[in-house]
Amino acid sequence: MIKRLIPAFIAITLFSCEQVETPQNEEQKPSATIKNHSYGNIDEISTNHLHLELNVDFENKSLAGVARHTMDNKGADKAVFDIKKINIEKVTLGKKGAETETTFTIGQYDSLLGAPLIVDLSSEDLFVNIYYSTQKDADALDWLPAELTGSKKYPFLYTQGQAILTRTWIPVQDTPENRFTYSADLKVPSELLALMSATNPTENNETGEYSFEMKQPIPSYLLALAVGELDYRQLSDNSGVYAEPHLIDAAEAEFKDIPKMIDAAEGLYGEYLWDVYDVIILPYSFPFGGMENPRLTFLTPTLIAGDGSLVSTVAHELAHSWSGNLVTNASWNDFWLNEGFTVYFENRIMEEVYGKEIADMLAMIEFQELKRSVDDLMAEGREKDTYLKLDLHGRDPDDGMTDIAYVKGAFFLKTIEEKVGREKFDVFLNAYFKAHEFKTLTTEKFVEYINENLFEKENIEFNLNEWIYGEGIPSNVIQLNSDRFVVAQELAQEVKDGNKLPTDLKRSDKITQEWLAFIRAFDGELSKEQMIMVDEQLNFKNSGNSEIMSEWFVLGIKNDYKEIRPEIKAFLKKVGRRKFLEPLYTTLAKTEETLEWGKEVYKEARPYYHAVSFHTIDKILGVNH
Ligand code: BES
Ligand code: ZN
């Protein structure tokens with residue numbers, strides 16, 4: 001075994017397991033270079049394969065075990081990993097069974113990034129084994145007690161890695177720039193099923209031991225785990241749905257078109273390279289609509305509207321199997337490469353499966369939101385956050401999760417499509433995905449690639465720089481129209497003019513997006529009396545449709561429509577999806593009286609939310625926990 005020399009400054013601050021939580025003299029702590037929100041020294045040494053051996057302990061709300069990294073070592077004498085809210089027990093070098101303990105240090109803790117875990121090794125070392133356990137409040141982990149799950153019998157656990165939370169449940173070089181394959185051996189309570197973003201079981205076994213494999217290299221933010229009481233229904237040879245038993249029938253019905261979506265996506269941009277596409281319906285606390293964990297998309301149950309009207313989120317997560325999971329943003333500043341391409345691709349899938357009229361309505365609803373977001377960002381003095389290429393240095397990558405990356409990104413691509421023609425654009429996109437599969441990409445590389453392979457080739461002038469490095473929405477943005485939206489807007493005008501709704505009008509007469517266009521057409525100018533009249537006939541407040549309810553509730557708060565507070569409260573105590581919570585609490589925070597009521601509700605509701613959501617709402621309401 002090679003002798004390891006420990007530099008003096010590291011020796012001074014050496015941590016042992018018991019010392020992890022002991023306050024240290026901060027100045028003595030070594031620091032590591034930060035790049036792309038990570039301390040990982042991937043240019044010198046990087047993970048090629050990760051093997052996890054973990055016990056899932058619901059009682060102590062902790063994952064404990066070992067992360068075995070197989071490294072590509074370019075001659076490094078230390079390997080730096082990211083950790084946050086993780087206890088390190090020991091670090092060893094060498095293959096399993098022939099390991100020797102090595103020294104390590106933990107650098108200065110940063111409340112956003114966590115700390116660097118600096119492991120001493122030699123240039124010949126390829127195997128680093130980190131023995132660790134997670135802390136109760138690890139941000140990625142949502143440990144739901146049995147009372148908060150569907151059956152109320154068993155607890156549930158799921159992870160959310162994107163953007164920089166994987167480091168709170170696994171010690172990794174937590175940057176999207178590096179890719180690795182992974183495998184895992186997990187032990188969970190025997191009544192529960194464990195699933196990962198990898199090969200998955202479809203049934204429980206008696207031992208509670210499950211093994212997983214992800215053969216395609218992925219960035220760290222796509223590592224994912226869910227453990228709960230779960231049933232499985234197959235939808236086609238290579239797709240299916242997991243959900244808690246009380247939701248499995250509804251989920252199977254709602255998402256029955258997944259096989260058609262996969263066919264449509266493959267027809268557009270080439271073979272699906274992840275073998276299986278399953279989805280899992282998580283508990284209501286899940287902070288997002290969906291998360292594109294490879295082979296196993298995570299979904300919010302709020303998509304189950306009963307009429308399939310919110311399935312575009314599944315098309316979105318499926319599209320990430322190309323844009324994002326195959327071709328990955330190199331840093332969070334390039335996030336639009338993931339999300340803009342995905343929203344564009346999502347819309348193409350929707351058009352293939354449901355037709356152009358539906359797809360255009362979806363895009364128009366998003367465009368309305370983009371315009372609002374641009375106005376808000378400008379008003380906040382965040383002009384530069386309306387560029388596609390972001391500068392998130394020293395900031396939370398979450399700040400980049402706005403409609404800019406998503407919708408401005410997608411409309412940029414739609415506008416190019418309109419300019420060059422769909423046929424040529426699709427040829428370009430197919431080549432783009434092929435050329436960069438299993439790679440990461442920066443915005444600058446993308447610009448080079450599209451200039452060379454599309455604009456110069458086809459001799460086309462396009463204001464690419466204005467779109468990517470400029471403010472707001474460029475004036476050549478594609479214009480979309482919808483006759484059905486015009487009808488919805490005329491209906492709103494009728495109500496505005498003091499007329500009643502046609503007596504035979506029912507909510508089922510229009511799809512979700514038409515009702516959103518209807519609500520938005522009031523531009524906030526709907527009186528409380530008119531809201532009561534609309535609710536009497538259309539029952540928005542109890543529609544069970546989360547998109548309509550959240551939009552309606554925001555308007556209700558603004559209009560002092562206090563009669564719907566029980567419904568708003570019930571919603572806030574059930575749904576943890578940040579996209580809905582954020583506008584609701586933001587509106588509540590606007591007047592003293594509503595803020596007070598909002599804080600009271602939040603006190604009860606906060607335990608139902610994932611850390612991603614409650615951190616955001618804490619800030620909005622100005623509460624400290
Ligand atoms: N990858 C995102 C979710 C995400 C982004 C999580 C950044 C953490 C950091 C996912 O694909 C997504 O965009 N979800 C959207 C749905 C969509 C249809 C726009 C959501 O959750 O609302
Ligand atoms: Zn997305």
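Order of listing sets the numbers, starting from 1, for every ligand and every atom in it.
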Less than 3.5 Å between some nitrogen or oxygen of [X] and one of ligand 1, yes or no?
X      : value
Asp398 : no
Ser312 : no
Tyr406 : yes
Lys579 : no

Smallest heavy-atom separation, Leu337 atom then Leu441 atom, equals CD1-O, 3.4 Å
Hey, are [Y] and [X] close enough side-chain-wise for a donor-acceptor pair under 3.5 Å?
X      : Y      : result
Thr168 : Asp139 : no
Glu369 : Tyr406 : no
Asp376 : Ser373 : no

A student comparing Glu317, Glu346, Met291, Arg577 should find that the heavy atom closest to atom 16 (C) of ligand 1 comes from Glu317
Side chains of [X] and [Y]: does their closest heavy-atom pair fall under 4.5 Å?
X      : Y      : result
Leu63  : Trp143 : yes
Leu148 : Tyr608 : yes
Thr402 : Asp385 : no

Show me, pair by pair, the donor-acceptor contacts under 3.5 angstrom made by side chains of residues 302-312, not counting sequence neighbours?
residue: Thr302; atom: OG1; partner: Thr300; partner atom: OG1; Å: 2.8
residue: Thr302; atom: OG1; partner: Arg577; partner atom: NH1; Å: 3.2
residue: Asp307; atom: OD1; partner: Ser309; partner atom: N; Å: 2.9
residue: Asp307; atom: OD1; partner: Ser309; partner atom: OG; Å: 2.7
residue: Asp307; atom: OD2; partner: Ser309; partner atom: OG; Å: 3.4
residue: Ser309; atom: OG; partner: Thr512; partner atom: OG1; Å: 2.7

What atoms of ligand 1 come closer than 4.0 angstrom to any heavy atom of [X]?
X      : value
Gln160 : 6 (C), 8 (C)
Glu292 : 1 (N), 2 (C), 10 (C), 11 (O)
Gly289 : 20 (C), 21 (O), 22 (O)

Please state which part of Gln162 comes within less than 4.0 Å of ligand 1, counting heavy atoms only: side chain, backbone, both or neither. both
Partner of Asn329 under side chain to side chain donor-acceptor pair (under 3.5 Å), picked from Asn338, Thr442, Thr440, is Asn338
List the closest protein heavy-atom neighbour of atom 10 (C) of ligand 1: residue, atom name, distance to the nearest 0.1 Å. Gly290 O, 3.2 Å
Identity and distance of the protein heavy atom lying nearest atom 2 (C) of ligand 1: Glu339 OE2, 3.3 Å
Does some non-hydrogen atom of Phe335 fall short of 4.0 Å from ligand 1? yes
Glu339 N/O/S atom closer than 2.8 Å to the Zn ion (ligand 2): yes
